[in-house]
Amino acid sequence: MGELAIETVNLTKVFGSFKAVDGVNLRIEEGVIFGLLGPNGAGKTTTIRMILGLLKPTSGYVRVFGIDVEKRRREVLRLTGYMPQHFSLYEDLTVEENMRLYASLYGMGRAEARRRVEELLEEFMLTEYRDRLAGKLSGGTKQRLALAVALLHRPRLLIVDEPTAGVDPPLRRYFWEKFRELKEEGVTILVTTHYMDEAEHCDRLALMSRGRVVAEGSPLEIKRMAFGGDFLELEVEGDPAPVLEEVGAKVVDSEVTGDFVRVRLLVPDAADYLAPLTRELERRGIRVIRAYPVSVSLEDAFIKLTAPIEAEAVAGCRR
Ligand SMILES: Nc1ncnc2c1ncn2[C@@H]1O[C@H](COP(=O)(O)OP(=O)(O)O)[C@@H](O)[C@H]1O
Ligand SMILES: [Mg+2]
């Protein structure tokens, strides 16, 4: 197991009488792309602000690369790049001036800053806009500038809060290519998103709902958690029921047309079951016409995982 880039322990934030973040425990290993997901108001931004030391936790604590954020915040900020949810650069400074300003805030020397700014202008296709006021840029260009600024000091950890919200698909793809490149270079990335197709690109995910982490794992693990396994679909000629029962495959749906049976199964691991199950059916004289794993969407998994919590909240309101 690698070093932990981020560790939060019982992280909690209460605003007045409202618990925005409720006992969040995250362990994010160095070098991964970690997605924090959840509907609006789930507590993602509040969690991020505590990780960065911008907001003091009500209780619990955060360590970034083993460093206590509350005690040694400056060190943490030097290691971390942050792209906030809303554009927060100086709208009345030009692209280049914003970059220069942040380079000096990060404590970079003049020569190094000049080199790095040129490099990033080029990398993020900002060269032609260098003298444009940040406030006059289009949404997508603003986002590219915000990411470039977050990367000025070559952080080991990049935290991006909904970087692709309201961004067109080509630029979304571009951002994800960048994230993968950064990961290749060893940068750890914590990203929040609403887009489930983006969540599939993450190595690990935590799903937040009403201030709590309700599921954590790889995209595949989360789907298994939601449904209790993987789905397989079989089309066979003959009755597969005895074999299916023997191997512990649960039939969740079936359709019989004459001698043909189509069944949907729930198994602990689709990759482990597919070939042996097909062989066993054939051995027992049941012809297998088709057998394939059925992919479920993360969206379905999340709805399944959060439905009980939402239902409880609604019941709570009625009481
Ligand atoms: N400074 C604040 N004061 C009071 N309530 C806040 C404050 N910041 C956030 N909240 C509330 O905390 C909840 C979580 O917000 P947030 O962390 O922004 O969620 P998300 O980023 O997942 O959309 C929301 O209900 C929001 O209104
Ligand atoms: Mg947010």
Side-chain angles (χ1 to χ4, degrees), residues 6-26 28 33-62 64 69-70 73 76 80-89 139-140 142-143 146-147 149-150 157-167 171-172 175-176 179 189-202 204-217 219 222 298-299 301-317:
I6 300 175
E7 181 185 18
T8 74
V9 178
N10 295 326
L11 195 62
T12 299
K13 184 69 192 182
V14 180
F15 293 114
S17 61
F18 175 71
K19 244 185 208 174
V21 174
D22 188 1
V24 165
N25 295 295
L26 293 174
I28 302 179
I33 301 183
F34 192 100
L36 194 56
L37 309 184
N40 261 329
K44 304 181 296 294
T45 298
T46 306
T47 301
I48 282 180
R49 295 182 63 210
M50 289 191 283
I51 291 172
L52 288 159
L54 300 172
L55 189 68
K56 196 173 146 55
T58 306
S59 59
Y61 62 88
V62 181
V64 171
V69 172
E70 257 188 276
R73 187 169 151 232
V76 169
T80 312
Y82 173 42
M83 180 175 162
Q85 185 168 1
H86 302 289
F87 189 73
S88 64
L89 300 176
K142 275 185 178 167
Q143 291 295 87
L147 184 56
V149 166
L157 169 65
L158 176 67
I159 299 184
V160 280
D161 197 357
E162 310 225 8
T164 55
V167 162
L171 188 57
R172 280 175 60 192
F175 267 75
W176 277 91
F179 296 158
I189 300 170
L190 172 60
V191 54
T192 69
T193 179
H194 268 101
Y195 296 108
M196 292 298 160
D197 55 331
E198 292 187 349
E200 296 271 5
H201 298 313
C202 295
R204 293 190 75 77
L205 300 168
L207 171 62
M208 281 189 84
S209 174
R210 297 175 183 272
R212 294 198 202 156
V213 172
V214 295
E216 210 213 302
I222 287 194
L298 263 177
E299 185 140 22
F302 284 163
I303 290 169
K304 180 107 182 171
L305 287 165
T306 50
I309 300 158
E310 300 295 325
E312 189 189 313
V314 171
C317 292

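Indexing begins at 1, ligand by ligand and atom by atom, following the structure's order.
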(Q) Is there a side-chain contact between L298 and L205 in this structure, where contact means two heavy atoms from C-beta onward sitting under 4.5 Å apart? (A) yes
(Q) Looking at atom 26 (C) of ligand 1, tell me if a protein heavy atom falls under 4.0 Å from it. (A) no
Q | D197 and R172: CA distance, side-chain angles, deciding distance, side chain to side chain contact (heavy atoms under 4.5 Å, CB included) verdict | A | CA-CA 11 Å; D197 55 331; R172 280 175 60 192; 3.1 Å; yes
Are the side chain of [X] and the backbone N or O of [Y] linked by a donor-acceptor pair below 3.5 Å?
| X | Y | answer |
| --- | --- | --- |
| K44 | M208 | no |
| N10 | G23 | no |
| T8 | V24 | yes |
| K13 | K56 | yes |
| Q143 | T164 | no |

Q | the Mg ion (ligand 2) to nearest N/O/S of T45 below 2.8 Å | A | yes
Q. Closer than 2.8 Å to the Mg ion (ligand 2), do we get an N, O or S atom from T192, backbone or side chain?
A. no
Tell me which protein heavy atom sits closest to [atom], plus the residue, atom name and distance to 0.1 Å.
| atom | value |
| --- | --- |
| atom 15 (O) of ligand 1 | T46 OG1, 3.8 Å |
| atom 12 (O) of ligand 1 | A20 CB, 3.3 Å |
| atom 2 (C) of ligand 1 | F15 CE2, 3.4 Å |
| atom 18 (O) of ligand 1 | T45 CB, 3.7 Å |
| atom 14 (C) of ligand 1 | G41 O, 3.4 Å |

Q. Heavy atom of G43 under 4.0 Å from ligand 1?
A. yes
Q: Please determine if Q85 has a nitrogen or oxygen closer than 3.5 Å to a nitrogen or oxygen of ligand 1.
A: no
Q. Can an N or O of T47 be found at a distance shorter than 3.5 Å from an N or O of ligand 1?
A. no
Using a 4.0 Å cut-off to any heavy atom of [X], which atoms of ligand 1 qualify?
| X | answer |
| --- | --- |
| A42 | 19 (O), 20 (P), 22 (O) |
| N40 | 23 (O) |
| F18 | 11 (C), 12 (O), 13 (C), 25 (O) |
| P39 | 22 (O) |

(Q) Checking V69 against L52 for the side chain to side chain contact (heavy atoms under 4.5 Å, CB included) test, could you report, in this order, the C-alpha distance in whole Å, the side-chain angles of both residues, the deciding distance, and whether it holds? (A) CA-CA 7 Å; V69 172; L52 288 159; over 6 Å; no
Q. Should the heavy atoms of other residues, nucleotides or ligands under 6.0 Å from CZ of R212 be counted, would the total exceed 12?
A. no
Q. When H201 is tested against each of F175, F34, W176 for ring-ring contact (aromatic ring centres under 6.0 Å, His included), which residue passes?
A. W176
